[in-house]
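First up is the structure itself, then whatever we jot down about it.
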2 protein chains.
Amino acid sequence: MIAPSHRSRGETAEQILDTAEMLLQTRGYSAISYQHIAEVLGIRKASIHYHFPSKGELGIAVVDRYAARFQAALDDIAADQTRSALSMLAFYVGPYLEFAETPDRVCLCGALAGELMALPVELRARVEAFFVSHQAWLAGILERGVARGEFRLLDQPSKVARLIFGALQGGLIVKRTTGDIAQLHDVVTVVMAMLR
Amino acid sequence: MIAPSHRSRGETAEQILDTAEMLLQTRGYSAISYQHIAEVLGIRKASIHYHFPSKGELGIAVVDRYAARFQAALDDIAADQTRSALSMLAFYVGPYLEFAETPDRVCLCGALAGELMALPVELRARVEAFFVSHQAWLAGILERGVARGEFRLLDQPSKVARLIFGALQGGLIVKRTTGDIAQLHDVVTVVMAMLR
DNA sequence: GTCTATACAAAGATAGAC
DNA sequence: GTCTATCTTTGTATAGAC
(Lines give C-alpha, C1' and ligand atoms only; values in the text may rest on other atoms or scores of the structure.)
Protein backbone atom coordinates (compact mmCIF):
# COMPACT_ATOMS: atom_id res chain seq x y z
CA MET A 1 0.00 0.00 0.00
CA ILE A 2 1.44 3.26 -1.10
CA ALA A 3 0.44 6.26 0.90
CA PRO A 4 1.00 9.59 -0.81
CA SER A 5 4.16 10.86 0.83
CA HIS A 6 2.95 13.60 3.10
CA ARG A 7 4.67 16.85 2.53
CA SER A 8 6.60 18.38 5.36
CA ARG A 9 6.23 21.71 3.59
CA GLY A 10 3.24 23.64 2.31
CA GLU A 11 2.33 24.21 -1.28
CA THR A 12 3.80 27.69 -1.49
CA ALA A 13 7.09 26.56 0.01
CA GLU A 14 7.32 23.82 -2.60
CA GLN A 15 6.64 26.27 -5.42
CA ILE A 16 9.32 28.55 -4.07
CA LEU A 17 11.75 25.65 -4.04
CA ASP A 18 10.76 24.65 -7.57
CA THR A 19 11.32 28.14 -8.88
CA ALA A 20 14.54 28.66 -6.95
CA GLU A 21 15.84 25.34 -8.22
CA MET A 22 15.11 26.27 -11.82
CA LEU A 23 16.71 29.68 -11.44
CA LEU A 24 19.76 28.27 -9.68
CA GLN A 25 20.27 25.74 -12.45
CA THR A 26 20.07 28.37 -15.14
CA ARG A 27 21.63 31.46 -13.58
CA GLY A 28 23.51 30.32 -10.50
CA TYR A 29 23.38 31.42 -6.89
CA SER A 30 24.84 34.91 -6.85
CA ALA A 31 22.79 36.09 -9.80
CA ILE A 32 19.36 35.22 -8.44
CA SER A 33 17.31 37.17 -5.93
CA TYR A 34 14.13 36.98 -3.93
CA GLN A 35 12.70 39.45 -6.41
CA HIS A 36 13.29 37.10 -9.36
CA ILE A 37 11.59 34.23 -7.60
CA ALA A 38 8.70 36.44 -6.49
CA GLU A 39 8.12 37.66 -10.03
CA VAL A 40 7.94 34.13 -11.44
CA LEU A 41 5.39 33.11 -8.81
CA GLY A 42 3.43 36.35 -8.76
CA ILE A 43 3.99 36.89 -5.04
CA ARG A 44 5.99 39.35 -2.93
CA LYS A 45 9.55 39.07 -1.69
CA ALA A 46 8.41 39.17 1.93
CA SER A 47 6.36 36.02 1.40
CA ILE A 48 9.47 34.12 0.46
CA HIS A 49 11.27 35.38 3.56
CA TYR A 50 8.42 33.97 5.61
CA HIS A 51 9.18 30.46 4.31
CA PHE A 52 12.93 30.81 3.96
CA PRO A 53 14.29 33.61 6.14
CA SER A 54 17.65 33.96 4.44
CA LYS A 55 19.01 33.29 0.98
CA GLY A 56 21.50 30.83 2.41
CA GLU A 57 18.75 28.78 4.02
CA LEU A 58 16.78 28.79 0.80
CA GLY A 59 19.81 27.58 -1.16
CA ILE A 60 20.39 24.80 1.33
CA ALA A 61 16.76 23.72 1.19
CA VAL A 62 16.88 23.57 -2.59
CA VAL A 63 20.07 21.52 -2.69
CA ASP A 64 18.92 19.20 0.09
CA ARG A 65 15.67 18.46 -1.70
CA TYR A 66 17.45 17.98 -5.02
CA ALA A 67 20.07 15.66 -3.53
CA ALA A 68 17.48 13.65 -1.58
CA ARG A 69 15.32 13.14 -4.66
CA PHE A 70 18.35 11.94 -6.62
CA GLN A 71 19.59 9.75 -3.78
CA ALA A 72 16.25 8.01 -3.32
CA ALA A 73 16.27 7.01 -6.98
CA LEU A 74 19.87 5.81 -6.79
CA ASP A 75 19.13 3.71 -3.73
CA ASP A 76 16.14 2.11 -5.41
CA ILE A 77 18.10 1.22 -8.50
CA ALA A 78 21.14 -0.13 -6.73
CA ALA A 79 18.95 -2.30 -4.51
CA ASP A 80 17.46 -4.19 -7.44
CA GLN A 81 19.79 -7.18 -7.73
CA THR A 82 18.15 -8.40 -10.94
CA ARG A 83 19.16 -5.38 -13.00
CA SER A 84 22.29 -5.33 -15.08
CA ALA A 85 25.02 -2.88 -14.13
CA LEU A 86 24.77 -1.49 -17.63
CA SER A 87 21.11 -0.63 -17.18
CA MET A 88 21.94 0.98 -13.84
CA LEU A 89 24.55 3.13 -15.50
CA ALA A 90 22.14 4.01 -18.28
CA PHE A 91 19.67 5.00 -15.61
CA TYR A 92 22.21 7.24 -13.92
CA VAL A 93 22.91 9.05 -17.16
CA GLY A 94 19.19 9.67 -17.69
CA PRO A 95 18.82 12.92 -15.74
CA TYR A 96 21.88 14.41 -17.40
CA LEU A 97 20.45 13.66 -20.82
CA GLU A 98 17.15 15.16 -19.73
CA PHE A 99 18.82 18.36 -18.62
CA ALA A 100 20.68 18.36 -21.91
CA GLU A 101 17.35 18.45 -23.73
CA THR A 102 16.45 21.72 -22.07
CA PRO A 103 18.05 24.83 -23.50
CA ASP A 104 19.48 26.14 -20.26
CA ARG A 105 19.51 23.64 -17.42
CA VAL A 106 22.49 21.83 -15.99
CA CYS A 107 22.94 19.79 -12.82
CA LEU A 108 22.17 22.03 -9.86
CA CYS A 109 25.38 21.09 -8.08
CA GLY A 110 27.45 21.40 -11.22
CA ALA A 111 26.20 24.95 -11.66
CA LEU A 112 26.81 25.88 -8.03
CA ALA A 113 30.30 24.40 -8.04
CA GLY A 114 31.33 26.95 -10.66
CA GLU A 115 30.91 29.75 -8.14
CA LEU A 116 31.92 27.71 -5.13
CA MET A 117 33.82 30.37 -3.23
CA ALA A 118 30.87 32.75 -3.41
CA LEU A 119 28.57 30.26 -1.66
CA PRO A 120 27.83 30.13 2.06
CA VAL A 121 29.98 27.40 3.58
CA GLU A 122 27.03 25.22 4.53
CA LEU A 123 25.97 25.23 0.91
CA ARG A 124 29.45 24.32 -0.24
CA ALA A 125 29.38 21.33 2.07
CA ARG A 126 26.14 20.13 0.44
CA VAL A 127 27.60 20.36 -3.04
CA GLU A 128 30.66 18.45 -1.90
CA ALA A 129 28.54 15.73 -0.31
CA PHE A 130 26.58 15.42 -3.54
CA PHE A 131 29.74 14.90 -5.57
CA VAL A 132 31.21 12.43 -3.12
CA SER A 133 28.10 10.29 -2.85
CA HIS A 134 27.43 10.21 -6.57
CA GLN A 135 30.94 9.15 -7.36
CA ALA A 136 30.77 6.47 -4.69
CA TRP A 137 27.53 5.22 -6.18
CA LEU A 138 29.04 5.10 -9.64
CA ALA A 139 32.08 3.24 -8.35
CA GLY A 140 29.77 0.68 -6.79
CA ILE A 141 27.93 0.15 -10.05
CA LEU A 142 31.18 -0.24 -11.94
CA GLU A 143 32.42 -2.79 -9.43
CA ARG A 144 29.20 -4.67 -9.77
CA GLY A 145 29.54 -4.63 -13.55
CA VAL A 146 33.02 -6.08 -13.30
CA ALA A 147 31.85 -8.79 -10.94
CA ARG A 148 29.07 -9.73 -13.35
CA GLY A 149 31.42 -9.73 -16.31
CA GLU A 150 29.65 -6.81 -17.93
CA PHE A 151 32.43 -4.24 -17.72
CA ARG A 152 36.13 -4.23 -18.23
CA LEU A 153 37.70 -1.24 -16.49
CA LEU A 154 40.85 0.64 -17.43
CA ASP A 155 41.67 1.26 -13.78
CA GLN A 156 40.19 1.05 -10.28
CA PRO A 157 36.42 1.59 -10.13
CA SER A 158 36.78 4.77 -8.07
CA LYS A 159 39.08 6.28 -10.68
CA VAL A 160 36.89 5.36 -13.60
CA ALA A 161 33.92 6.72 -11.66
CA ARG A 162 35.71 10.03 -11.35
CA LEU A 163 36.25 10.17 -15.07
CA ILE A 164 32.63 9.36 -15.83
CA PHE A 165 31.22 11.78 -13.29
CA GLY A 166 33.49 14.63 -14.36
CA ALA A 167 32.69 13.96 -18.00
CA LEU A 168 28.94 14.09 -17.34
CA GLN A 169 29.12 17.29 -15.32
CA GLY A 170 31.57 18.95 -17.66
CA GLY A 171 29.86 17.66 -20.77
CA LEU A 172 26.53 19.02 -19.66
CA ILE A 173 27.96 22.45 -18.94
CA VAL A 174 29.71 22.55 -22.30
CA LYS A 175 26.52 21.39 -23.99
CA ARG A 176 24.51 24.25 -22.55
CA THR A 177 27.15 26.72 -23.69
CA THR A 178 27.46 25.48 -27.26
CA GLY A 179 23.80 24.46 -27.56
CA ASP A 180 24.78 21.25 -29.30
CA ILE A 181 22.86 18.33 -27.86
CA ALA A 182 25.33 15.89 -29.43
CA GLN A 183 27.95 17.15 -26.99
CA LEU A 184 26.58 15.07 -24.14
CA HIS A 185 25.45 12.17 -26.32
CA ASP A 186 28.98 11.82 -27.64
CA VAL A 187 30.36 11.81 -24.11
CA VAL A 188 27.98 9.05 -23.09
CA THR A 189 28.73 7.04 -26.21
CA VAL A 190 32.46 7.09 -25.59
CA VAL A 191 32.00 6.31 -21.90
CA MET A 192 29.97 3.24 -22.77
CA ALA A 193 32.57 2.15 -25.34
CA MET A 194 35.26 2.57 -22.71
CA LEU A 195 33.65 -0.01 -20.43
CA ARG A 196 33.78 -2.90 -22.90
CA MET B 1 65.62 38.30 -31.88
CA ILE B 2 62.87 38.46 -29.34
CA ALA B 3 61.40 41.85 -28.69
CA PRO B 4 59.48 42.13 -25.46
CA SER B 5 55.87 42.02 -26.67
CA HIS B 6 54.74 45.61 -26.35
CA ARG B 7 51.66 45.97 -24.24
CA SER B 8 48.60 47.47 -25.83
CA ARG B 9 47.41 48.26 -22.31
CA GLY B 10 48.97 50.11 -19.42
CA GLU B 11 50.25 48.62 -16.22
CA THR B 12 47.15 49.40 -14.18
CA ALA B 13 44.85 47.93 -16.79
CA GLU B 14 46.86 44.72 -16.73
CA GLN B 15 46.70 44.55 -12.95
CA ILE B 16 42.97 45.04 -13.09
CA LEU B 17 42.70 42.20 -15.59
CA ASP B 18 44.92 39.98 -13.41
CA THR B 19 42.80 40.61 -10.35
CA ALA B 20 39.52 40.25 -12.19
CA GLU B 21 40.69 36.99 -13.72
CA MET B 22 41.61 35.59 -10.35
CA LEU B 23 38.32 36.65 -8.79
CA LEU B 24 36.29 35.33 -11.72
CA GLN B 25 38.01 31.97 -11.45
CA THR B 26 37.33 31.70 -7.76
CA ARG B 27 33.96 33.40 -7.28
CA GLY B 28 32.38 33.71 -10.71
CA TYR B 29 30.97 36.68 -12.59
CA SER B 30 27.85 37.65 -10.70
CA ALA B 31 29.52 37.54 -7.30
CA ILE B 32 32.37 39.91 -8.03
CA SER B 33 32.24 43.68 -8.12
CA TYR B 34 34.35 46.70 -8.93
CA GLN B 35 34.67 47.17 -5.20
CA HIS B 36 36.27 43.75 -4.70
CA ILE B 37 38.82 44.38 -7.42
CA ALA B 38 39.55 47.87 -6.11
CA GLU B 39 40.17 46.53 -2.61
CA VAL B 40 42.67 43.95 -3.81
CA LEU B 41 44.60 46.56 -5.79
CA GLY B 42 44.27 49.37 -3.26
CA ILE B 43 42.62 51.71 -5.73
CA ARG B 44 39.11 53.17 -6.15
CA LYS B 45 36.17 51.82 -8.11
CA ALA B 46 36.16 54.85 -10.40
CA SER B 47 39.69 54.08 -11.54
CA ILE B 48 38.55 50.72 -12.83
CA HIS B 49 35.66 52.32 -14.68
CA TYR B 50 38.21 54.57 -16.39
CA HIS B 51 39.92 51.52 -17.90
CA PHE B 52 36.87 49.32 -18.31
CA PRO B 53 33.69 51.40 -18.45
CA SER B 54 31.26 48.54 -17.77
CA LYS B 55 31.42 45.19 -16.04
CA GLY B 56 30.51 43.43 -19.27
CA GLU B 57 33.45 44.98 -21.08
CA LEU B 58 35.78 44.03 -18.26
CA GLY B 59 34.55 40.45 -18.35
CA ILE B 60 35.06 40.29 -22.09
CA ALA B 61 38.58 41.71 -21.81
CA VAL B 62 39.49 39.12 -19.19
CA VAL B 63 38.17 36.20 -21.21
CA ASP B 64 39.72 37.45 -24.45
CA ARG B 65 43.12 37.77 -22.85
CA TYR B 66 42.80 34.37 -21.18
CA ALA B 67 41.71 32.66 -24.38
CA ALA B 68 44.40 34.36 -26.48
CA ARG B 69 47.12 33.33 -24.05
CA PHE B 70 45.91 29.75 -24.13
CA GLN B 71 45.50 29.74 -27.90
CA ALA B 72 49.00 31.04 -28.55
CA ALA B 73 50.43 28.17 -26.53
CA LEU B 74 48.24 25.63 -28.31
CA ASP B 75 49.25 26.95 -31.71
CA ASP B 76 52.93 26.74 -30.81
CA ILE B 77 52.64 23.20 -29.61
CA ALA B 78 50.59 21.90 -32.50
CA ALA B 79 53.01 23.46 -34.99
CA ASP B 80 55.97 21.47 -33.71
CA GLN B 81 55.91 18.43 -36.00
CA THR B 82 58.65 16.67 -34.07
CA ARG B 83 56.64 16.30 -30.87
CA SER B 84 54.64 13.23 -30.12
CA ALA B 85 50.87 13.53 -29.87
CA LEU B 86 51.14 12.13 -26.38
CA SER B 87 53.43 14.94 -25.25
CA MET B 88 51.05 17.45 -26.82
CA LEU B 89 48.18 16.00 -24.87
CA ALA B 90 50.27 16.01 -21.72
CA PHE B 91 50.98 19.64 -22.40
CA TYR B 92 47.30 20.44 -22.79
CA VAL B 93 46.51 18.88 -19.45
CA GLY B 94 49.19 20.98 -17.77
CA PRO B 95 47.19 24.11 -16.99
CA TYR B 96 44.33 22.05 -15.57
CA LEU B 97 46.72 20.28 -13.22
CA GLU B 98 48.22 23.63 -12.26
CA PHE B 99 44.80 25.02 -11.39
CA ALA B 100 44.15 21.85 -9.45
CA GLU B 101 47.15 22.61 -7.29
CA THR B 102 45.61 25.88 -6.14
CA PRO B 103 42.92 25.63 -3.48
CA ASP B 104 40.27 27.59 -5.34
CA ARG B 105 40.97 28.12 -9.01
CA VAL B 106 39.32 26.41 -11.95
CA CYS B 107 39.35 27.17 -15.66
CA LEU B 108 37.96 30.66 -16.20
CA CYS B 109 35.55 29.50 -18.86
CA GLY B 110 34.48 26.46 -16.88
CA ALA B 111 33.57 28.71 -13.98
CA LEU B 112 31.69 31.18 -16.15
CA ALA B 113 29.78 28.43 -17.94
CA GLY B 114 28.16 27.46 -14.65
CA GLU B 115 26.29 30.74 -14.55
CA LEU B 116 25.93 31.08 -18.30
CA MET B 117 22.45 32.59 -18.41
CA ALA B 118 23.48 35.37 -16.04
CA LEU B 119 26.27 36.52 -18.35
CA PRO B 120 26.02 39.27 -20.97
CA VAL B 121 25.49 37.62 -24.35
CA GLU B 122 28.84 38.79 -25.73
CA LEU B 123 30.54 37.06 -22.85
CA ARG B 124 28.59 33.87 -23.43
CA ALA B 125 29.79 33.89 -27.02
CA ARG B 126 33.40 34.07 -25.83
CA VAL B 127 32.98 31.11 -23.52
CA GLU B 128 31.37 29.14 -26.31
CA ALA B 129 34.20 29.97 -28.71
CA PHE B 130 36.71 28.83 -26.10
CA PHE B 131 35.01 25.47 -25.72
CA VAL B 132 34.66 24.95 -29.45
CA SER B 133 38.25 25.79 -30.27
CA HIS B 134 39.73 23.73 -27.45
CA GLN B 135 37.76 20.68 -28.42
CA ALA B 136 38.77 21.13 -32.05
CA TRP B 137 42.38 21.38 -31.00
CA LEU B 138 42.10 18.23 -28.92
CA ALA B 139 40.44 16.38 -31.79
CA GLY B 140 43.34 17.38 -34.03
CA ILE B 141 45.87 16.07 -31.56
CA LEU B 142 44.00 12.80 -31.23
CA GLU B 143 43.85 12.39 -34.99
CA ARG B 144 47.55 13.05 -35.18
CA GLY B 145 48.18 10.46 -32.49
CA VAL B 146 46.21 7.89 -34.44
CA ALA B 147 48.09 8.67 -37.64
CA ARG B 148 51.38 8.22 -35.81
CA GLY B 149 50.26 4.99 -34.25
CA GLU B 150 50.39 6.44 -30.74
CA PHE B 151 46.69 6.33 -29.91
CA ARG B 152 43.90 3.89 -30.44
CA LEU B 153 40.54 5.66 -30.15
CA LEU B 154 37.24 4.22 -29.03
CA ASP B 155 35.35 6.43 -31.46
CA GLN B 156 35.79 9.41 -33.77
CA PRO B 157 38.40 11.95 -32.61
CA SER B 158 35.82 14.69 -32.16
CA LYS B 159 33.78 12.48 -29.84
CA VAL B 160 36.74 11.36 -27.78
CA ALA B 161 37.84 15.00 -27.60
CA ARG B 162 34.47 15.87 -26.12
CA LEU B 163 34.86 13.22 -23.46
CA ILE B 164 38.35 14.38 -22.56
CA PHE B 165 37.49 18.06 -22.49
CA GLY B 166 34.35 17.55 -20.44
CA ALA B 167 36.23 15.32 -18.04
CA LEU B 168 38.95 17.92 -17.52
CA GLN B 169 36.50 20.76 -16.96
CA GLY B 170 34.19 18.71 -14.78
CA GLY B 171 37.02 17.01 -12.96
CA LEU B 172 38.62 20.32 -12.07
CA ILE B 173 35.37 21.73 -10.73
CA VAL B 174 34.74 18.62 -8.66
CA LYS B 175 38.33 18.75 -7.41
CA ARG B 176 37.92 22.28 -6.11
CA THR B 177 34.74 21.31 -4.33
CA THR B 178 36.06 18.21 -2.62
CA GLY B 179 39.58 19.56 -2.17
CA ASP B 180 41.06 16.23 -3.21
CA ILE B 181 43.88 16.76 -5.69
CA ALA B 182 43.69 13.10 -6.72
CA GLN B 183 40.32 13.83 -8.29
CA LEU B 184 41.89 15.37 -11.38
CA HIS B 185 44.95 13.13 -11.40
CA ASP B 186 42.70 10.09 -11.54
CA VAL B 187 40.76 11.57 -14.42
CA VAL B 188 43.95 12.17 -16.37
CA THR B 189 45.26 8.71 -15.59
CA VAL B 190 42.15 7.01 -16.90
CA VAL B 191 42.05 9.25 -19.97
CA MET B 192 45.61 8.26 -20.84
CA ALA B 193 44.80 4.59 -20.29
CA MET B 194 41.81 4.97 -22.60
CA LEU B 195 43.98 6.04 -25.50
CA ARG B 196 46.14 2.90 -25.64
C1' DG C 1 0.43 33.31 5.43
C1' DT C 2 0.70 37.30 2.49
C1' DC C 3 0.81 41.93 2.03
C1' DT C 4 2.84 47.13 2.28
C1' DA C 5 6.34 49.75 3.82
C1' DT C 6 10.80 50.52 4.98
C1' DA C 7 15.63 50.08 6.50
C1' DC C 8 20.25 49.40 5.10
C1' DA C 9 24.00 48.00 2.37
C1' DA C 10 26.05 47.11 -2.00
C1' DA C 11 26.13 47.34 -6.82
C1' DG C 12 27.10 49.64 -11.48
C1' DA C 13 27.97 53.84 -13.19
C1' DT C 14 28.96 59.05 -14.00
C1' DA C 15 30.62 64.02 -13.04
C1' DG C 16 34.01 66.77 -12.14
C1' DA C 17 38.15 68.26 -9.16
C1' DC C 18 43.01 67.44 -9.02
C1' DG D 1 44.87 58.63 -14.70
C1' DT D 2 43.09 58.68 -10.14
C1' DC D 3 40.50 60.64 -6.84
C1' DT D 4 35.93 62.24 -4.10
C1' DA D 5 31.29 62.65 -4.38
C1' DT D 6 27.06 61.34 -5.90
C1' DC D 7 23.16 59.06 -8.36
C1' DT D 8 20.14 55.17 -9.15
C1' DT D 9 18.90 50.59 -8.78
C1' DT D 10 18.90 46.32 -6.74
C1' DG D 11 19.45 43.07 -3.01
C1' DT D 12 18.72 41.09 1.63
C1' DA D 13 16.10 41.50 5.38
C1' DT D 14 12.61 43.10 9.03
C1' DA D 15 8.25 45.28 11.13
C1' DG D 16 3.79 45.34 11.37
C1' DA D 17 -1.03 45.65 9.15
C1' DC D 18 -4.46 42.61 7.30
Side-chain angles (χ1 to χ4, degrees), chain A residues 6-63 111-112 115 117-124 126, chain B residues 6-63 111-112 115 117-124 126:
Chain A
H6 71 78
R7 295 242 164 100
S8 54
R9 265 185 275 252
E11 189 60 29
T12 305
E14 290 291 337
Q15 289 178 338
I16 291 167
L17 290 174
D18 290 341
T19 303
E21 182 175 313
M22 179 265 290
L23 289 172
L24 286 171
Q25 285 181 302
T26 53
R27 303 175 51 84
Y29 181 82
S30 305
I32 74 163
S33 70
Y34 278 61
Q35 186 58 42
H36 294 136
I37 299 168
E39 274 163 18
V40 171
L41 292 174
I43 60 177
R44 301 283 142 174
K45 289 190 290 179
S47 305
I48 304 175
H49 280 286
Y50 170 79
H51 295 281
F52 304 97
S54 77
K55 188 178 178 182
E57 288 168 87
L58 174 57
I60 288 168
V62 171
V63 174
L112 294 179
E115 49 182 334
M117 306 312 284
L119 305 180
V121 285
E122 310 97 311
L123 198 45
R124 275 186 232 175
R126 259 66 172 204
Chain B
H6 70 81
R7 295 242 164 99
S8 56
R9 267 184 276 251
E11 190 60 30
T12 306
E14 289 292 336
Q15 289 179 338
I16 291 167
L17 289 175
D18 289 343
T19 303
E21 182 175 314
M22 178 265 289
L23 289 172
L24 285 172
Q25 284 181 301
T26 53
R27 303 175 52 80
Y29 182 82
S30 305
I32 74 163
S33 69
Y34 277 61
Q35 186 59 41
H36 293 136
I37 299 168
E39 274 163 17
V40 171
L41 292 174
I43 60 178
R44 299 285 139 174
K45 286 193 292 178
S47 305
I48 303 175
H49 279 285
Y50 170 79
H51 295 281
F52 304 97
S54 77
K55 189 178 178 182
E57 288 169 87
L58 174 58
I60 287 169
V62 171
V63 173
L112 295 179
E115 49 182 334
M117 306 312 284
L119 305 179
V121 285
E122 309 98 310
L123 198 45
R124 275 186 232 174
R126 259 62 172 206

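Naming: A, B, ... by sequence-line order, numbering from 1 per chain. It should be emphasised that the depicted structure is a prediction, and the values quoted were computed from it without experimental measurement.
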Whole Å only: how far is the [atom1] atom of [X] from the [atom2] atom of [N]?
X: B/Gln15; N: D/dG1; atom1: CD; atom2: C1'; value: 13 Å
X: B/Arg44; N: D/dG1; atom1: CZ; atom2: C1'; value: 15 Å
X: B/Ile48; N: C/dT14; atom1: CD1; atom2: P; value: 14 Å
X: B/Phe52; N: C/dT14; atom1: CZ; atom2: P; value: 16 Å
X: A/Glu11; N: C/dG1; atom1: CD; atom2: P; value: 12 Å
X: B/Leu41; N: D/dT2; atom1: CG; atom2: C1'; value: 13 Å

Every protein N/O within reach of nucleotides 8-12 of chain D N/O, cut-off under 3.5 Å:
unit_1, atom_1, unit_2, atom_2, d
D/dG11, OP1, A/Ser33, OG, 3.4
D/dT12, OP1, A/Ile32, O, 3.4
D/dT12, OP1, A/Lys55, NZ, 2.9
D/dT12, OP2, A/Tyr34, N, 3.1
D/dT12, O4, A/Lys45, NZ, 3.3

Report, one line per pair, each donor and acceptor closer than 3.5 Å where one atom sits in a side chain of residues 40-49 of chain B; sequence neighbours left out.
unit_1, atom_1, unit_2, atom_2, d
B/His49, ND1, B/Pro53, O, 2.8

Estimated bend of the helix from C/dG1-D/dC18 to C/dC18-D/dG1 (axis per five terminal pairs, rounded to 10 degrees): 0°
Distance-only check: which donor-acceptor pairs under 3.5 Å involve side-chain atoms of residues 15-25 of chain B, not counting sequence neighbours?
unit_1, atom_1, unit_2, atom_2, d
B/Asp18, OD1, B/Arg65, NH1, 2.9
B/Asp18, OD1, B/Arg65, NH2, 2.9
B/Thr19, OG1, B/Gln15, O, 3.0
B/Glu21, OE1, B/Arg65, NH2, 3.1
B/Glu21, OE1, B/Arg69, NH2, 2.8
B/Glu21, OE2, B/Arg69, NH1, 3.4
B/Glu21, OE2, B/Arg69, NH2, 3.3
B/Gln25, OE1, B/Arg105, NE, 3.2
B/Gln25, OE1, B/Arg105, NH1, 3.1
B/Gln25, NE2, B/Val106, O, 2.9

Ignoring hydrogens and angles, tell me if any N or O in the side chain of A/Tyr34 forms a donor-acceptor pair with the backbone of A/Lys55 under 3.5 Å. yes
If we ignore hydrogens and angles and just use 3.5 Å, is the side chain of A/Glu115 paired with the main-chain N or O of A/Tyr29 as donor and acceptor? yes
Could you tell me whether the phosphate oxygens of C/dG1, OP1 or OP2, come under 4.0 Å of any side-chain nitrogen or oxygen in A/Tyr50? yes
Between B/Thr12 and D/dT2, is there a side-chain N or O to OP1/OP2 distance below 4.0 Å? yes
5'-most contact on DNA chain D (nearest-nucleotide basis), A/Gly56 vs B/Ser47, goes to B/Ser47
Please write out each protein N/O paired with an N/O of nucleotides 15-18 of chain C under 3.5 Å, distance rounded to 0.1 Å.
none

For A/Glu39, check side chain to side chain donor-acceptor pair (under 3.5 Å) against everything at least two apart and list the hits. A/Gln35
